[in-house]
Amino acid sequence: MTQTRKYWLMKSEPSAFSIDDLMNAPARTTCWDGVRNYQARNFMRDMAIGDQVLFYHSNADPPAVVGIAEIVKTAYPDPTQFDKKDTHYDPQSERSSPRWDMVDIRHVRRFSRPLTLDQLRRETKLKKMVLLRKGSRLSVQPVSPKEWEHILSLD
DNA sequence: GCCAACGTTGGC
DNA sequence: GCCAACGTTGGC
């Protein structure tokens, strides 16, 4: 019986956390904390173990999809929301009903070269990608199976 | 419920 | 550093 895997894209500024950081992390795994956008949070709540993730470097030179990760732990409360010293502290979040979740992701592989935003924009088949929509800022977003396959074919 | 003000994201 | 696009907040 085959389970339908879903596909996602997650953004990170490489100066804060890059795909190399993920590769070098213990068990090549990290928790994805700090998401403070409801739409992005809801997408994380939709994620299942084994879902595949495009790892995107934002605010980078050049901005690019740089590799693949996968979900190894489904959504659970992000502890930084309760940490007064953390930049992502949210005084309005109650411990009894945490507002913000995170997931754990594990490194799968890095692409042979970055697939730059510029390059992706030139791909007709990717026209509708959330990433490429004007003004799109979502840090966690869905990727369709066709978009996924096409992107992998570019590597 | 409207909307102005503000803060953030992220490409350039 | 600039700024367009977007999300959130809060006064009314």
Side-chain angles (χ1 to χ4, degrees), chain A residues 6-25 29-47 51-71 74-144 146-148 150-155:
Chain A
K6 295 190 292 299
Y7 302 104
W8 308 96
L9 179 147
M10 295 169 101
K11 296 179 183 175
S12 184
E13 301 196 15
S15 59
F17 192 84
S18 70
I19 190 149
D20 291 328
D21 293 328
L22 181 60
M23 214 159 47
N24 295 323
T29 298
T30 191
C31 59
W32 204 258
D33 61 12
V35 171
R36 295 294 181 270
N37 170 284
Y38 288 105
Q39 228 184 323
R41 180 205 66 183
N42 293 343
F43 284 133
M44 287 201 295
R45 288 181 174 175
D46 263 356
M47 291 174 174
D51 281 4
Q52 301 292 109
V53 178
L54 293 173
F55 198 103
Y56 178 81
H57 280 172
S58 61
N59 262 316
D61 189 20
V65 175
V66 290
I68 298 173
E70 68 181 353
I71 304 302
T74 55
Y76 61 108
D78 175 351
T80 64
Q81 70 197 299
F82 303 120
D83 181 356
K84 285 188 174 144
K85 284 171 289 189
D86 196 281
T87 50
H88 298 293
Y89 174 61
D90 181 355
Q92 302 200 76
S93 185
E94 308 274 352
R95 279 188 186 272
S96 53
S97 61
R99 187 180 282 194
W100 305 111
D101 282 357
M102 61 188 189
V103 295
D104 287 1
I105 67 169
R106 182 168 60 208
H107 180 272
V108 174
R109 68 187 176 88
R110 192 165 66 166
F111 291 150
S112 51
R113 74 187 82 87
L115 304 175
T116 67
L117 185 61
D118 193 52
Q119 180 183 355
L120 298 179
R121 283 195 199 287
R122 292 196 301 264
E123 297 293 327
T124 321
K125 288 182 176 170
L126 300 179
K127 260 202 178 105
K128 293 188 175 161
M129 258 193 100
V130 177
L131 178 72
L132 306 182
R133 283 188 204 148
K134 192 179 176 192
S136 171
R137 302 184 318 179
L138 257 188
S139 65
V140 178
Q141 50 181 260
V143 172
S144 79
K146 283 190 174 160
E147 290 161 354
W148 177 269
H150 189 66
I151 286 178
L152 291 217
S153 79
L154 300 174
D155 178 32

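Just so it is clear: chains get the letters A, B, ... in the order the sequence lines come, proteins before strands, and each one is counted from 1.
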On a heavy-atom basis, which atom in [X] and which in [Y] lie closest, and how many Å separate them?
X	Y	answer
A:Ser136	A:Gln141	OG-NE2, 4.1 Å
A:Leu132	A:Leu120	CD1-O, 3.7 Å
A:His150	A:Ser153	O-OG, 2.6 Å
A:Arg45	A:Arg99	NH2-O, 3.7 Å

Distance in angstrom units between [X] [atom1] and [N] [atom2], rounded:
X	N	atom1	atom2	answer
A:Gln39	C:dC6	CD	P	11 Å
A:Glu13	B:dG10	CD	P	7 Å
A:Lys11	B:dT9	NZ	P	10 Å
A:Trp100	C:dG7	CH2	P	13 Å
A:Leu9	B:dG10	CG	C1'	14 Å
A:Leu120	B:dG11	CG	C1'	14 Å
A:Asp61	B:dG11	CG	P	11 Å
A:His88	B:dT9	NE2	C1'	13 Å

task: To the nearest 0.5 Å, tell me how far A:Asp46 CG sits from A:Ile71 CD1.
output: 11.0 Å
Quick one: which protein N/O atoms are closer than 3.5 Å to N/O atoms of nucleotides 2-5 of chain C? Pair and distance per line, please.
residue : atom : partner  : partner atom : Å
C:dA5   : OP1  : A:Lys134 : NZ           : 2.7
C:dA5   : N3   : A:Arg137 : NH1          : 3.3

message: Name the residue from A:Met44, A:Gln39, A:Arg41, A:Lys11 that meets the side-chain contact (heavy atoms from CB on, under 4.5 Å) definition with A:Val140.
response: A:Met44
- request: Output yes when at least one side-chain N/O atom of A:Tyr56 is less than 4.0 Å from OP1 or OP2 of B:dG11, else no.
  value: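 Result: yes.
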- request: For A:Arg99 and for A:Asn59, find the nucleotide of DNA chain C with the closest heavy atom, then tell me which residue's nucleotide is more 5'.
  value: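 Of the two residues, A:Asn59 wins.
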field: Listed nucleotide nearest any side-chain atom of A:Gln92, set B:dG11, C:dT9, C:dG7
entry: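 Per side-chain heavy atoms of A:Gln92, the pick is C:dT9.
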- request: Name the orientation class of the two ring planes belonging to A:Phe43 and A:Trp8 (parallel below 30°, tilted from 30 to 60°, perpendicular beyond 60°).
  value: tilted
